[in-house]
Amino acid sequence: MKKIKRYEKRSRQSALCVLFLFGMLISALSLGGIRLYALYIEHRLADCSKKIEAVGDKYAMLEEYYASLLSPSRIYGYAKSELNMVTASEVETIKLMSESYIGREIADSPPGSSGAVQRPGELSRTLVGTANAKD
């Protein structure tokens with residue numbers, strides 16, 4: 001066998017160094033890619049935040065406009081100018097009997113009169129049933 005000189009020998013150390021450097025290069029590239037992706041996501045987040053703020057400002061403006069449309073003076077002005085409405089000059093008040101008085105009148109009337117409430121017949125009670133406060 002031919003004797004190999006010391007400087008011509010292939011050692012395992014040089015192969016491990018190359019593998020280590022290659023691994024470091026891949027790690028650095030991966031880290032750089034992740035950093036670029038994080039910057040992209042941060043940019044998108046800032047853009048979304050701007051859009052949300054713009055929509056919030058528009059909502060506040062529309063809410064203020066809506067409140068101004070519902071103001072009594074605006075409604076009065078619109079009714080007067082656009083609908084040609086005028087203030088009523090002859091106002092009359094009609095007073096009706098109170099509910100307690102009407103109920104007493106129906107209860108006091110005789111069973112045959114038109115205002116009295118009559119009990120339903122047997123057939124209608126079986127079809128409809130009776131109302132109960134617990135129902």
Which residues, ordered by chain and number, are linked to L21 in its hydrophobic cluster, where ILVMFWY side chains connect at heavy-atom gaps below 4.5 Å, directly or through other members?
none
In chain order, what residues pass the side-chain contact (heavy atoms from CB on, under 4.5 Å) check against I26, with sequence neighbours excluded?
F22, S30
Interatomic spacing from CG in D47 to CD in E42 - rounded to 0.5 Å:
13.0 Å
How many angstroms lie between atom CD of E53 and atom NZ of K51, to the nearest 0.5 angstrom?
14.0 Å
Only pairs under 3.5 Å count here: list side-chain donor-acceptor contacts from residues 54-63, not counting sequence neighbours, and write none if there are none.
none

Distance-only criterion, 3.5 Å: show the donor-acceptor pairs between side-chain atoms of residues 65-85 and protein atoms not counting sequence neighbours.
unit_1, atom_1, unit_2, atom_2, d
S68, OG, Y65, O, 2.6
S71, OG, S68, O, 3.0
S71, OG, R74, N, 3.4
S81, OG, G77, O, 2.9

Going by side-chain heavy atoms closer than 4.5 Å, which hydrophobic residues are tied to L25, directly or by a chain of links?
L29
Give, for atom CD1 of I41 and atom CG of L36, the distance between the pair rounded to the nearest 0.5 Å.
12.0 Å
Run the side-chain hydrogen bond (donor to acceptor under 3.5 Å, both in side chains) test against R44 and tell me which residues pass, sequence neighbours left out.
Y40
